[in-house]
Amino acid sequence: MSEGRSVVADESTRVFSASEAGTSSQPPVNAGPQPADGARLGTEVEAVIGRRLKALYDDVVNAPVPDRFMQLLAQLEQAQGAPATGAADTAAGPATDPTETDR
Amino acid sequence: MTPAQATLRDDLIAAIPNLRAFAVSLCGQPSTADDLVQETLVKAWSNLDSFTLGTNLKAWLFTILRNVYFSELRKRRREVEDSDGAFARRLSVHGEQAGHMDFEDFRAALSKLPPDQREALVLVGASGFSYEEAAEIAGCAVGTVKSRVNRGRRRLTDILGVDEAASFGPDDETQAALVLAAGAAAGVP
């Protein structure tokens with residue numbers, strides 16, 4: 001394998017992240033100061049792991065979306081109307097932020 | 001439905017494939033994963049008023065999904081990982097067969113990682129988030145994400161019993177590289 005493998009891993013990550021707003025640092029294969037535990041593996045091993053991971057992941061991303069989800073959204077629209085933007089739905093009970101982890 | 005609401009609905013739909021992929025990587029079972037995605041969509045729909053339009057919807061949805069997953073884990077007080085010993089024994093036989101680690105072995109190894117390492121690896125390596133975004137989604141420090149990624153990679157190679165890239169066996173890119181290298185050696189431009 002040539003040294004170019006690590007560049008491929010960078011590019012695939014960078015391209016994938018380009019559509020995300022507000023990204024700052026990308027996870028490079030060769031970063032600067034390393035954390036004390038978990039020393040870096042060889043760049044080629046990391047690149048292969050990255051590709052395998054991406055392949056497993058992309059298999060599902062590229063699969064057709066099961067009907068159940070479109071049906072779910074149709075049911076949600078019927079039950080709750082259009083997606084709530086701005087006004088709190090008091091009928092749904094106390095508002096909880098689903099991005100807060102249960103502790 | 002206003003244009004903003006319609007766009008939001010379309011963006012939700014567009015995020016479903018990624019949510020399914022993230023869910024499968026977290027819980028390892030496609031049917032459980034789709035249940036996770038279902039619960040995520042229901043929570044997201046009824047809480048869209050807490051989402052700020054213009055911010056990263058995908059990251060917001062991923063955060064909901066991983067919170068559902070991890071709170072389920074805590075409720076069941078049960079870890080996804082199996083006894084590494086039994087799995088490693090099975091692999092040590094397989095590993096002797098010319099080191100061809102197929103995707104099923106990789107998928108199985110991934111499922112043996114501690115969930116926080118698996119989550120970090122997937123967020124950063126497959127879902128396309130930066131370390132900072134991954135840290136927000138996982139609710140931890142950026143340094144924690146980095147060390148989980150490094151430990152996860154190391155643990156994967158330990159579980160798979162490989163320490164060289166070549167031991168993973170050829171994948172598409174490796175095959176292409178081998179063909180190019182062979183061509184170069186033969187003097188083909």
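Note on naming: letters A, B, ... go to the chains in the order of the sequence lines (proteins, then strands), and numbering restarts at 1 for each one.
Between chain A and the residues Val68(B), Leu41(B), Thr40(B), the most heavy-atom pairs under 4.5 angstrom are made by Leu41(B). The choice from Leu156(B), Leu65(B), Ile13(B) that makes the most heavy-atom pairs within less than 4.5 Å of chain A is Ile13(B). Highest contact tally toward chain A, considering only Gln38(B), Arg148(B), Arg107(B), is held by Gln38(B) [criterion: heavy-atom pairs under 4.5 Å].
Distance CD1/Ile16(B) to CG/Leu73(A): 5.0 Å, rounded to 0.5 Å. Here the CZ atom belonging to Arg51(A) is positioned 11.0 Å from the CZ atom belonging to Phe106(B), to the nearest 0.5 angstrom. Taking CG of Leu12(B) as the start and CZ of Phe69(A) as the end, the distance is 12.5 Å to the nearest 0.5 Å. In this structure, Arg9(B) CZ and Glu77(A) CD are separated by 4.0 Å, a value rounded to the nearest 0.5 Å.
Using a 4.5 Å cut-off on side-chain heavy atoms (C-beta onward), Val24(B) and Leu56(A) make no contact.
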For this session: Let me see the working for Asn18(B) and Val60(A) under side chain to side chain contact (heavy atoms under 4.5 Å, CB included), right down to the final yes or no.
Result: CA-CA 8 Å; Asn18(B) 262 277; Val60(A) 186; over 6 Å; no
For this session: Begin from the C-alpha positions of Tyr57(A) and Ser127(B) and carry the test side-chain hydrogen bond (donor to acceptor under 3.5 Å, both in side chains) through to its verdict.
Result: CA-CA 8 Å; Tyr57(A) 187 90; Ser127(B) 306; 3.1 Å; yes
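Other residues, nucleotides and ligands contribute over 12 non-hydrogen atoms within 6.0 Å of the CD atom of Gln117(B).
Proximity to chain A (any heavy atom under 4.5 Å) is restricted, for Phe62(B), to the side chain, taken from C-beta onward. Leu72(A) touches chain B through its side chain: at least one heavy atom from C-beta onward sits under 4.5 Å away, while N, CA, C and O do not. Neither the backbone nor the side chain of Val149(B) comes within less than 4.5 Å of any heavy atom in chain A. Of the two parts of Ile137(B), neither the backbone nor the side chain holds a non-hydrogen atom closer than 4.5 Å to a non-hydrogen atom of chain A. No part of Val145(B) comes within reach of chain A, as not one of its non-hydrogen atoms sits under 4.5 angstrom from that chain.
Residues satisfying the side-chain hydrogen bond (donor to acceptor under 3.5 Å, both in side chains) criterion with Asp59(A), sequence neighbours excluded, are absent altogether. For Ser31(B), there are no side chain to side chain contact (heavy atoms under 4.5 Å, CB included) partners, not counting sequence neighbours.
When all heavy atoms are compared, the tightest approach of Pro17(B) to Val61(A) is CB-O, 3.3 Å. The two residues Arg20(B) and Ala63(A) come nearest to each other via the heavy atoms NH1-CB, 4.2 Å.
Look at Arg68(A) and Asp35(B) and you find a salt bridge, because one of the NZ, NE, NH1 or NH2 atoms lies within 4.0 Å of a carboxylate O, short of that distance.
Panel note: side chain Asn67(B), backbone Pro98(A); a donor-acceptor pair is recorded below 3.5 Å.
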